[in-house]
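Only one structure is covered here, and it is reproduced in the block below.
Protein chains get the first letters and strands the later ones, always in sequence-line order, with residue 1 at the start of each. A quick note: this is a predicted structure, and the numbers were derived from the prediction, not measured.
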Protein chains: 2
Amino acid sequence: MSQASDRVYTALRAGILDGRYGFGDRLGEIEVAADLGTSRTPVREALRRLGSEGLVEVLPNRGARVRTWTAQDLEETYELRAVLEGLGARRAAGQVTAEVVDELAALAAEMVTVDPSLGHRPPGDFADLAALNARFHAVIVGAAGSDRLAATLAGLVQLPLVMRTYHRYTPAALARSHAHHHEIVDALRAGDGAWAESVMRSHVLAARAVLLASHRDGATGTAATDPEGQAS
Amino acid sequence: MSQASDRVYTALRAGILDGRYGFGDRLGEIEVAADLGTSRTPVREALRRLGSEGLVEVLPNRGARVRTWTAQDLEETYELRAVLEGLGARRAAGQVTAEVVDELAALAAEMVTVDPSLGHRPPGDFADLAALNARFHAVIVGAAGSDRLAATLAGLVQLPLVMRTYHRYTPAALARSHAHHHEIVDALRAGDGAWAESVMRSHVLAARAVLLASHRDGATGTAATDPEGQAS
DNA sequence: GCGACCTAGATTGCATGCAATCCAGCCCGC
DNA sequence: GCGGGCTGGATTGCATGCAATCTAGGTCGC
């Protein structure tokens, strides 16, 4: 992490995710290097890395730009996540420990207590909810015990982060999301892989529906001033 | 492709897949650069790229080495492929054209005619079979029409290539593989997504069983002198 | 007036020099 | 004899110079 290359990667990634760099913005090597006080070499490496993760597109001899997302990109990504997170939940159900289930139950419960739509936070303040949700999903993927699955998913979760997903949820959709979380915990505690997989798939596909609906309503998803707020 | 970085990437990838570089071999930047007649910069880029695809592991300040595969790596990778290629088959069933189905049928038929175990090729000559099989799967993924799925799978198919999979198939397993191919074609022609998905999953999981069995029998999978021969 | 060509500036891609880090072997002390 | 520390060699990581490529603007011809 003291490596310059990693610093540049982290900085660029954060800049894209919180909207400092908007969709389609050019990322010139010289410009970025100057901004971050380093040389072009680590910047090149970071850009290639971000390119392989799908956050930026690099054109030969023409530099890199922040990738723009179409409705189809959203749909494909969430379809993949539904399948892969479903697989993760199924695997987790077969080997998760009681301690981890308890942790997940605590996370699910806490998410309800920080839901702005339920009056526990100022309206629009989804920061805590998003963080807890991310952790909830991360714990399940971890409990699946497949490094390969975790790595594959890591390359897909990037996209939702820039969309400030939670801001698009209606209170009803949020309530459904909470219900899903609790149901997933129950399925895992029961050791029922098929159940856990099924609920997880529903959970992700429901998130996809929310995003697609809001996408159709003209919200282009240009990440604005708000760093957090991704869901599912 | 005239780009030096791409040339190095292709050369290294080929070298790993056909066993010129064995599992665990060190890939020094200077050494590789000298071998390929270029400088260290494009070599570095190629190594990072191969690292993100899982073919080599790069350790900070310690260089890159060809990744070694455990039984668990095999299992996880094939589990992911089963799910993802199943998804691809399901999507393809809903939108594939008659022309593409005909092409797949032709590929499936031709695979039978080049099967060494059926006496149509010298024993052990799986080159044509492997090439046709790769094309068969690629056509289906293409027919699924999801760039994101194709990209995700591309990062997973790397592994089987080094294992010379087909050499481990028994004649009975090969016959089953052919039967799967024909059944997938039938399911696609019928537009039956659930059927196509199910058969494709069986197909990949059967391949996993072959690999795992042969892995247990002490075959470490160190790709030897034979460039081709991957299956499913 | 419009379009193709050409040139200039800028940017990426590659090569190479230098500093930081790591590993192996050796030496010294116990 | 054995273990810890240290030093030398080698290798990676970063910085920077140079060549190749691309884009933009203008100019010339029609």
Evaluation steps, salt bridge (charged side-chain N to carboxylate O under 4.0 Å, His left out), between A:D73 and B:R148: CA-CA 7 Å; A:D73 289 325; B:R148 206 77 187 162; over 6 Å; no
What is the distance from [atom1] of [X] to [atom2] of [N], rounded to the nearest Å?
X: B:Q3; N: C:dG13; atom1: CD; atom2: P; value: 7 Å
X: A:R7; N: D:dG13; atom1: CZ; atom2: P; value: 15 Å
X: B:L59; N: D:dA10; atom1: CG; atom2: P; value: 21 Å
X: B:N61; N: D:dC14; atom1: CG; atom2: C1'; value: 11 Å

First of A:P60 and B:E29 reached from the 5' end of DNA chain D, by closest nucleotide: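 Per heavy-atom nearest nucleotide, the more 5' residue is B:E29.
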Distance-only polar pair, side chains of B:E85 and B:Y78, donor-acceptor under 3.5 Å: no
Donor-acceptor pair between A:Y9 and A:Q3 side chains, under 3.5 angstrom: no
From D:dT11, D:dT21, C:dC14, nucleotide with atom closest to B:R26 side chain: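 Closest nucleotide to the B:R26 side chain: D:dT11.
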Out of D:dT11, C:dT12, D:dC22, whichever nucleotide has its closest atom nearest the side chain of B:I30: D:dT11
A:R201 side, atom CZ; A:R81 side, atom CZ - distance, nearest 0.5 Å: 13.5 Å
A:R62 side chain near D:dT21 phosphate (N/O to OP1/OP2, under 4.0 Å):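 So the side-chain polar atoms of A:R62 never come under 4.0 Å of the phosphate oxygens OP1 or OP2 of D:dT21.
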Contact check, side chains of B:V185 and B:H181, non-hydrogen atoms, under 4.5 Å: no
Electrostatic pair A:R44:B:E45 at N-O distance under 4.0 angstrom: yes
Contact residues, residues 39-52 of chain A to DNA chain D [heavy atom, < 4.0 Å]: A:S39, A:R40, A:T41, A:P42
